[in-house]
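Quick note: numbers below take in every heavy atom, side chains included, and nothing from hydrogens, waters or symmetry partners. Just so you know, these numbers come straight off a predicted model, no measurement behind them. Start at 1 and go down the list; that is how both ligands and their atoms are numbered. One-based numbering along the sequence shown.
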Amino acid sequence: MAEPGEQSGLDLLGWADVAMYAAKARGRNQAVVFDRELREEVNDRSRTELMLREAIEMGGLRLHFQPEVDLRTGKVLAAEALVRWEHPTRGLLAASEFITVAEETGLVTELGRWVFSEACRQLAIWQNEYKDLPFIVRINMSPADFKMGDLVEFVERCLRENNVPGNRLCIEITEYAVLDEPERIAKILKRFQSLGLEIALDDFGTGFASMTGLKNLPVNLLKLDMSFVRGIASDNLDGRYDRAIVESIIRLGEALNLGVIAEGIESDSIIQKLLELGCYRGQGYLISRPVPAAELAEMLREGAVAASILRSVETTSVELADLQL
Ligand code: C2E
Ligand code: MG
Ligand code: MG
């Protein structure tokens with residue numbers, strides 16, 4: 001990488017550090033050399049960090065909303081707020097393309113504050129326009145958000161300033177948010193609930209949460225991860241496993257009185273299977289991709305989404321009369 005005498009000892013230690021983190025990220029227990037490729041990766045990451053910081057400060061973030069519907073009727077029950085970055089050269093980026101950098105650099109807390117206040121601002125507008133549609137806005141929070149000492153006060157302030165009641169909002173967390181400090185996080189979640197907010201456990205089944213952990217966690221909803229949902233309509237062995245997992249999570253939800261929402265619905269055969277298994281709420285590209293607020297407003301005006309898709313799903317196997325969400 002460098003000729004003797006070209007680099008300071010401090011530089012070398014920094015590079016060694018980068019190589020160590022790369023080794024850890026690649027599964028530990030291996031040697032990684034700090035080479036040109038790794039240097040490029042580090043440079044890329046620093047550039048992304050700088051640009052993301054600027055985007056947060058200068059208004060380069062957007063919020064898109066993905067509707068969650070009653071799978072029997074298409075009625076919009078909620079909308080998940082998903083952050084987007086209007087990148088100056090790469091176009092509009094989905095969260096999956098930059099949220100890890102935001103988390104690793106600590107920028108995610110600033111990003112999280114922007115998302116929360118923007119979601120409240122938008123909800124206040126919808127609340128005025130669609131008084132008879134009490135749908136919920138779901139907001140994702142990262143583990144890092146829970147490190148903020150004033151998180152609950154911040155949330156309270158946003159609700160007050162935008163004049164939105166807590167029961168129109170839901171916080172989505174993953175099992176990773178709870179892992180390190182379950183008791184402290186549970187207390188924060190309880191304070192959210194006392195403000196009226198719902199708590200959803202996102203990507204359920206993909207983390208490390210134990211059943212004891214779940215029992216002690218103040219949550220209202222489980223979100224079935226799309227990695228299970230996607231396969232449930234297949235006839236192969238994988239499909240059978242996915243169906244078994246999805247069904248057991250649905251039964252767990254029923255037993256613990258938790259709502260269950262399916263994510264990643266991409267075909268009507270998946271909707272059909274979910275209805276058969278007893279899951280009536282879901283979101284996914286088949287129903288609608290995440291869209292700007294104005295497009296969601298159109299769906300709200302209609303009252304329901306993708307009615308034609310949902311109508312094509314046979315609901316005869318479902319006892320519509322006694323279904324409860
Ligand atoms: P998530 O909360 O599980 O969100 C669902 C992700 O799946 C979203 O990706 C959404 O666009 C995508 N998706 C929805 N339906 C389908 C489908 O039918 N098929 C497929 N293949 N994908 C689907 P996105 O927006 O890139 O977000 C990725 C993750 O980034 C989110 O996963 C969430 O963990 C995180 N995230 C997104 N927005 C925020 C935010 O505002 N704050 C924080 N802290 N995290 C966020
Ligand atoms: Mg989510
Ligand atoms: Mg998810």
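The closest protein non-hydrogen atom to atom 38 (N) of ligand 1 is V83 N, 3.3 Å. In terms of protein heavy-atom proximity, atom 10 (C) of ligand 1 is nearest to L82 CD1, 3.9 Å. From the protein, the heavy atom lying nearest to atom 7 (O) of ligand 1 is M226 CE, 3.0 Å. For atom 21 (N) of ligand 1, the closest non-hydrogen atom on the protein side is E266 OE2, 3.2 Å.
Distances from atom 32 (O) of ligand 1 to the protein include no heavy-atom value under 4.0 Å. Of the protein's heavy atoms, at least one falls inside 4.0 Å of atom 41 (O) of ligand 1.
Under the 4.0 Å criterion applied to side-chain N and carboxylate O atoms, D150 and R113 are assigned as salt-bridge partners. Between R168 and E198 there is no salt bridge, since no side-chain nitrogen of the basic residue lies less than 4.0 Å from a carboxylate oxygen of the acidic one.
Distances from ligand 1 to the non-hydrogen atoms of R230 include at least one value under 4.0 Å. Heavy-atom distances between E80 and ligand 1 reach below 4.0 Å in at least one pair.
Below 3.5 Å of separation, one finds no N or O of G284 facing any N or O of ligand 1. Considering backbone and side-chain atoms alike, D145 places every N or O at 3.5 Å or more from each N or O of ligand 1.
Judged by the 6.0 Å distance and 45° axis criteria, R289 is positioned over the aromatic ring of Y285. Both the sub-6.0 Å distance and the 45° axial angle are not jointly satisfied by R184 relative to the ring of F146.
Using cut-offs of 30° and 60° for the angle between ring planes, the F34 and W15 rings count as parallel.
If you look at D203 next to ligand 1, the close heavy atoms, those under 4.0 Å, all belong to the side chain. Contacts between R289 and ligand 1, counted as non-hydrogen atom pairs separated by less than 4.0 Å, are absent for every part of the residue.
Side chains of E80 and Q66: a donor-acceptor N/O pair is absent below 3.5 angstrom, by distance only.
The Mg ion (ligand 3) has D202 OD1, D203 OD1, E263 OE1, E263 OE2 as protein N, O or S atoms under 2.8 Å away.
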